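These notes concern the structure reproduced below.
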Amino acid sequence: MYIPFVDLKTQYNQIKDEINKAIIEVIESTSFILGKPVQEFELEFAKAHNVKHCIGLSSGTDGNHISLWALDIKSGDEVIIPANTFIATAWGATLCGAKPVFVDCDPESYNIDPERVESAITSKTKAIVAVHLYGQPADMDRLEEIARHYNVYLVEDAAQAHLAEYKGKRVGGLGIAASFSFYPGKNLGAYGEAGCVTTNSDDLAEKFRMIRDHGSVRKYNHVLLGHNYRMESIQGAVLKVKLKYLEIWTKRRREVANKYRELLYDLHNLEIIKLPKEMWYAKHVYHLFVIQINLKPEKRQEIRDNLRKFLGENGIETGLHYPIPLHLQPCFKSLGYKKGDFPVAEQLAEGGLSLPIYPELTDDKIEYVSQKIHEFFKKKC
Ligand SMILES: *Cc1c(COP(=O)(O)O)cnc(C)c1O
């Protein structure tokens with residue numbers, strides 16, 4: 001049996017005719033940037049998230065940047081960011097010239113810990129970026145309360161959380177702005193690089209549209225400083241086709257997660273591993289299913305690495321999200337953080353293991369993964 005960590009080919013085969021047709025149409029039109037496919041996708045994606053505006057971009061990283069840029073975040077400002085996320089979350093702040101200030105995550109949700117956010121706020125803080133990590137929304141009400149009290153912006157990084165819900169509300173309109181990624185492996189993936197920002201603010205939406213297109217409303221009339229962050233038409237066309245299936249795919253991701261949970265519960269109960277927890281306020285969309293080694297803290301990383309190796313030898317690919325927390329990344333050395341600063345994020349880096357999860361994963365494969373995990377721990381303990 002071979003179980004890849006992501007399987008884009010099976011999905012493509014299911015929708016091949018529609019995708020090929022949509023791509024050929026763009027080529028025939030010879031209109032390759034923005035245009036009708038992107039516009040149509042923007043409208044449908046906004047509708048799916050109950051948010052007023054969606055602005056198609058060239059990547060999720062650009063979404064992280066543009067959301068803070070349009071809010072005038074600049075040099076001298078501080079932006080609060082969870083220590084456990086993909087590096088792109090922090091590029092948003094650094095590309096604006098601002099200083100990222102890292103905060104540890106909560107041991108249950110793995111999302112930014114609101115209590116710790118509060119103690120990280122200074123007179124220079126301008127924004128909090130809430131990442132909906134692994135597909136589970138952060139505790140937005142608590143964060144919103146803090147943001148309002150200190151008069152700072154609350155921005156969402158929803159790169160992993162398409163269609164996820166917080167207290168029954170879809171992500172994307174829960175803060176002042178939200179960025180999404182359509183990197184091919186994400187829950188909604190393009191056939192190349194793509195992303196977007198969403199907002200309920202008309203003014204901000206207009207600013208996003210200008211910044212993504214060289215700061216212009218009309219060609220060669222540059223009102224604002226900007227960049228080229230436009231989405232390609234082919235990506236818009238592919239995403240529009242795939243968006244129709246996203247509800248069904250998300251439902252299946254949740255089924256896969258439940259099946260893993262059921263099959264691995266005994267190991268969780270014996271405190272050998274820790275299963276991901278779905279918070280009472282969240283509808284998790286399981287971009288990732290991250291289990292944590294819960295045995296012997298001093299040997300956690302060694303056990304995790306051995307389990308990963310064992311699964312690999314049995315044809316099961318796994319992932320690490322993320323093996324080095326942001327505060328320990330060499331590129332942020334000058335910020336002066338050290339090991340031990342954010343114990344929860346560090347524990348997750350040492351003991352976390354992402355199992356394969358995607359809508360096309362069949363029950364027999366989930367059973368095989370679980371069986372091999374049991375086999376490993378039977379031998380070890
Ligand atoms: C994938 C991801 C991004 C970046 O998106 P790209 O489209 O790859 O640029 C940003 N933040 C998080 C949390 C991500 O997972």
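Both counts, for ligands and for their atoms, begin at 1 and track the order of listing. In this text the structure is predicted, and so the values were computed from the model without any measurement.
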Measure and list all N/O to N/O distances between ligand 1 and the protein that fall under 3.5 angstrom.
unit_1   : atom_1 : unit_2 : atom_2 : d
ligand 1 : 5 (O)  : Ser181 : OG     : 3.2
ligand 1 : 7 (O)  : Gly60  : N      : 2.8
ligand 1 : 7 (O)  : Ser181 : OG     : 2.6
ligand 1 : 9 (O)  : Gly60  : N      : 3.4
ligand 1 : 9 (O)  : Thr61  : N      : 2.8
ligand 1 : 9 (O)  : Thr61  : OG1    : 2.5
ligand 1 : 11 (N) : Asp157 : OD1    : 3.4
ligand 1 : 11 (N) : Asp157 : OD2    : 2.8
ligand 1 : 15 (O) : Gln160 : NE2    : 2.8
ligand 1 : 15 (O) : Lys186 : NZ     : 3.1

Side chain to side chain donor-acceptor pair (under 3.5 Å) test vs Lys240 passes for just one of Gln39, Gln235, Glu40, namely Glu40
Between [X] and [Y], does the ring centroid distance fall short of 6.0 Å?
X	Y	value
Phe342	His327	yes
Tyr229	His65	yes
Phe332	Tyr337	no

Any side-chain donor near an acceptor of the partner, Asn20 and Tyr12, under 3.5 Å:
yes
Can you tell me how far CD1 of Ile33 sits from CD1 of Ile234, rounded to the nearest 0.5 angstrom?
10.5 Å
